[in-house]
There are 2 protein chains.
Amino acid sequence: MELDERKLTILRAIIQNYLETGEPVGSRTISKYTDLNLSSATIRNEMSDLEEMGYIVQPHTSAGRIPTDKGYRLYVDMLMQDKQAEMDNLKLELNAKSEKLDSILKEAAKVIAVNTNYASMITAPRYRKHRIKFLQLTQVDPESLLTVIILDGNIVKNNLVHVEEELTQETLLKLNLMLNTFLQGLDLQEINASVIQKIRNESGGYSSLISEILDVIATSMESEEIEAYTSGSTNIFKYPELNDSEKASGLLNALEEKKELTELMYQEGDSDRGIQVYIGDESPIEATKECSVVTATYHIEEGVYGKIGIIGPRRMDYEKVVVTLKRLMSELDQIFKKDKQ
Amino acid sequence: MELDERKLTILRAIIQNYLETGEPVGSRTISKYTDLNLSSATIRNEMSDLEEMGYIVQPHTSAGRIPTDKGYRLYVDMLMQDKQAEMDNLKLELNAKSEKLDSILKEAAKVIAVNTNYASMITAPRYRKHRIKFLQLTQVDPESLLTVIILDGNIVKNNLVHVEEELTQETLLKLNLMLNTFLQGLDLQEINASVIQKIRNESGGYSSLISEILDVIATSMESEEIEAYTSGSTNIFKYPELNDSEKASGLLNALEEKKELTELMYQEGDSDRGIQVYIGDESPIEATKECSVVTATYHIEEGVYGKIGIIGPRRMDYEKVVVTLKRLMSELDQIFKKDKQ
DNA sequence: TGTTAGCACTCATATTGTTTGAGTGCTAAT
DNA sequence: ATTAGCACTCAAACAATATGAGTGCTAACA
């Protein structure tokens with residue numbers, strides 16, 4: 001059987017209608033909804049074909065049809081290659097007051113959630129390898145030493161380290177210079193025993209302090225857990241099909257834990273720019289098998305990128321979501337470019 | 001009518017039974033449950049009295065009784081003055097790997113949520129007035145300047161500021177010295193026009209940079225939004241009485257927004273140590289009128305404290321919650337004391 | 001040959017009625 | 001003061017019954 005133009009039109013009509021209402025859609029509705037001027041009976045025949053081809057199903061006999069994942073997939077694919085969609089008239093109020101990465105990210109997540117009415121999650125950029133750009137020790141009070149580590153991409157990490165005795169300005173200066181000399185430009189792998197040995201040799205008696213500092217540096221750089229921020233997780237209650245305690249609880253848990261979702265967003269196949277859509281069962285993780293996830297990538301600099309994801313029901317307004325995401329990505333790129341110059 | 005010993009026993013039995021089951025409890029149950037050796041008929045009479053006094057109600061005729069907020073209140077008050085409760089055998093695995101405040105707090109929230117099966121929220125310590133302990137400017141790369149501000153209580157804030165031209169080591173040193181001289185020990189109120197004027201006078205040509213830096217300092221210190229971490233918010237789905245989308249959504253929203261809950265936790269009347277219990281309608285904020293909130297205070301140093309709150313159903317296991325909180329408070333105090341010495 | 005009207009059939013949902021049982025309040029006896 | 005007994009109430013569970021949206025099929029039509 002062939003998927004001709006008319007069938008496509010009908011399928012699109014079914015999906016669009018279902019996206020709006022969330023109710024199975026019947027032949028009569030489509031008969032009026034489209035401008036094909038066909039009777040419901042004809043539509044019924046076509047729908048029967050579409051069902052046979054696996055694009056739609058009846059939740060039960062004598063109900064209208066709803067799209068299958070395959071149906072959504074076709075629809076989304078059409079959407080994607082179709083028009084590049086008018087990005088105008090959509091105004092995202094991303095007012096990044098501070099220039100600090102995390103507040104920009106939080107704001108971005110919020111903007112997405114508010115504009116789409118779905119849940120959103122954004123991850124801080126993942127660096128292939130964190131390299132040390134700069135580090136500095138400062139005596140804050142007689143007992144504590146502040147270590148500030150700046151990684152490339154201007155990620156700032158700081159920690160307090162306890163010391164037994166106050167260090168003199170001079171020692172501090174010397175340590176700073178020494179640490180920077182040996183460590184600048186290195187990533188975690190490169191801080192190996194030989195480097196450490198060299199540092200030790202030069203440290204002159206502060207060996208236990210040095211150990212502690214190196215420890216702090218290591219944990220800062222490891223940062224196994226990618227930072228992530230969520231927003232609008234309660235939006236999922238707006239969609240009856242997700243609104244039973246079983247599903248809602250699972251989803252919210254995933255949004256709270258963040259880990260699994262992060263994995264999903266960093267799924268293979270799109271270390272590249274681009275928008276990825278996971279519809280229902282297509283998702284590799286359990287928590288979102290009942291919904292759709294759309295992810296996008298924003299770039300900070302070569303090889304340094306983060307992800308943003310939108311989590312909503314299968315009958316998500318894909319068009320709006322994609323447009324909104326594209327809009328935000330360009331907004332973010334803008335901000336980060338400005339940041340660079 | 002008087003609330004004699006027997007009535008109290010019965011009331012306590014009713015409440016305890018209801019805490020366990022969540023079902024209205026009838027006279028026959030109590031007749032067996034207590035060791036008063038009274039028939040159900042007698043219990044019925046007493047229950048009738050208790051209802052008249054406002055401690056219990058029937059959700060509908062021909063149902064058992066459930067405690068009112070007033071009933072819970074009495075019960076909680078008895079509990080509080082009663083035994084100080086055995087704190088042993090409750091082991092909280094609070095393994096604060098890092099010494100950094102926020103990871104300790106996150107961990108604490110999690111520990112509480114896991115141990116109690118309710119939702120938890122913890123706020124970072126609120127300082128009556130943030131005072132500047134130390135600040136430092138560092139040139140990170142030719143275009144950006146790192147400002148590190150340490151407030152008392154060792155709160156570290158950092159920001160990146162863009163500069164047009166690289167500053168010389170010398171200038172930087174001068175600026176650092178100057179800023180520290182003028183600003184150390186001051187709180188936000190005290191950084192007034194006259195101080196700023198003095199700084200400007202000394203700044204020699206860097207006036208726009210100085211403005212920017214002072215701006216950054218101000219926003220860091222304002223910190224209107226108290227940082228807060230939540231954990232276990234999906235626990236609320238475990239309690240049927242909160243498990244309808246209306247209530248759940250409201251609660252989860254409050255947990256996501258955090259703002260309102262923070263207000264609740266910093267309610268008047270307990271800037272002091274101590275545990276506060278809000279039962280249902282007693283809560284001043286809308287979102288928790290259908291549940292109970294127990295808050296506790298942890299102290300970092302004189303006048304510097306944060307809050308932790310547990311949010312659960314009205315029929316919360318108050319005893320366990322209070323014990324767990326006390327245990328955690330002492331744990332936290334321990335950590336922070338160690339931190340000080 | 002594609003389209004449509006008409007009709008029988010299906011089945012989720014809503015409505016109504018019925019039963020069951022836990023629980024109460026009252027009264028009279030202990 | 002306590003208790004046994006009984007009539008009464010009412011939520012919840014269940015069953016029976018409409019209702020109606022929607023389908024598939026067939027026969028007529030253009």
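Letters A, B, ... mirror the listed sequences (proteins, then strands); counts begin at 1.
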Can you work out whether B:His60 or B:Ala41 has the more 5'-proximal nearest nucleotide on DNA chain D? B:Ala41
[X] and [Y]: side-chain donor and acceptor closer than 3.5 Å?
X: B:Tyr118; Y: B:Ser292; answer: no
X: A:Arg44; Y: A:Ser27; answer: yes
X: B:Thr123; Y: B:Lys307; answer: no
X: B:Thr324; Y: B:Asn115; answer: no
X: A:Ser40; Y: A:Ser31; answer: no
X: A:Ser39; Y: A:Thr42; answer: yes

With a 4.0 angstrom cut-off to heavy atoms of chain B, pull out the first and last contacting nucleotide of DNA chain C, in 5'-to-3' order. C:dA22 to C:dG25
Verify the contact: side-chain N or O of B:Thr42 to OP1 or OP2 of D:dT2, cut-off strictly under 4.0 Å; return yes or no. no
Let's go through A:Leu3 and A:Leu74 carefully: what are the C-alpha distance in whole Å and the side-chain angles of both, what is the deciding distance for side-chain contact (heavy atoms from CB on, under 4.5 Å) to 0.1 Å, and is it a yes or a no? CA-CA 11 Å; A:Leu3 192 64; A:Leu74 188 70; 3.8 Å; yes
Does anything in residues 44-52 of chain B come within less than 4.0 Å of DNA chain D? Heavy atoms only, and list the residues if so. B:Arg44, B:Asn45
Counting only non-hydrogen atoms, which of residues 19-39 of chain A are less than 4.0 Å from DNA chain D? A:Gly26, A:Ser27
Hey, can you pull the residues of residues 240-248 of chain A with a non-hydrogen atom under 4.0 angstrom from DNA chain C? none
With under 30° as parallel and over 60° as perpendicular, where do the rings of B:Tyr75 and B:Tyr318 fit, or are they tilted in between? perpendicular
Please assess B:Arg73 against B:Asp77 for the test salt bridge (Lys or Arg N to Asp or Glu O under 4.0 Å), listing each intermediate value before the final yes or no. CA-CA 6 Å; B:Arg73 170 51 59 195; B:Asp77 288 346; 3.2 Å; yes
Residues forming a side-chain hydrogen bond (donor to acceptor under 3.5 Å, both in side chains) with A:Glu46, sequence neighbours excluded: A:Arg6, A:Lys7
Tell me the salt bridge (Lys or Arg N to Asp or Glu O under 4.0 Å) pairs involving residues 228-253 of chain A, sequence neighbours left out? A:Glu241-A:Arg315, A:Asp244-A:Lys247
Rounding to a whole Å, what distance do you find between B:Ile10:CD1 and D:dT2:C1'? 13 Å
Checking A:Glu282 against A:Lys289 for the salt bridge (Lys or Arg N to Asp or Glu O under 4.0 Å) test, could you report, in this order, the C-alpha distance in whole Å, the side-chain angles of both residues, the deciding distance, and whether it holds? CA-CA 7 Å; A:Glu282 292 177 6; A:Lys289 287 230 190 279; over 6 Å; no
B:Ser233 side chain to B:Ala119 main-chain N or O, any donor-acceptor pair under 3.5 Å? no
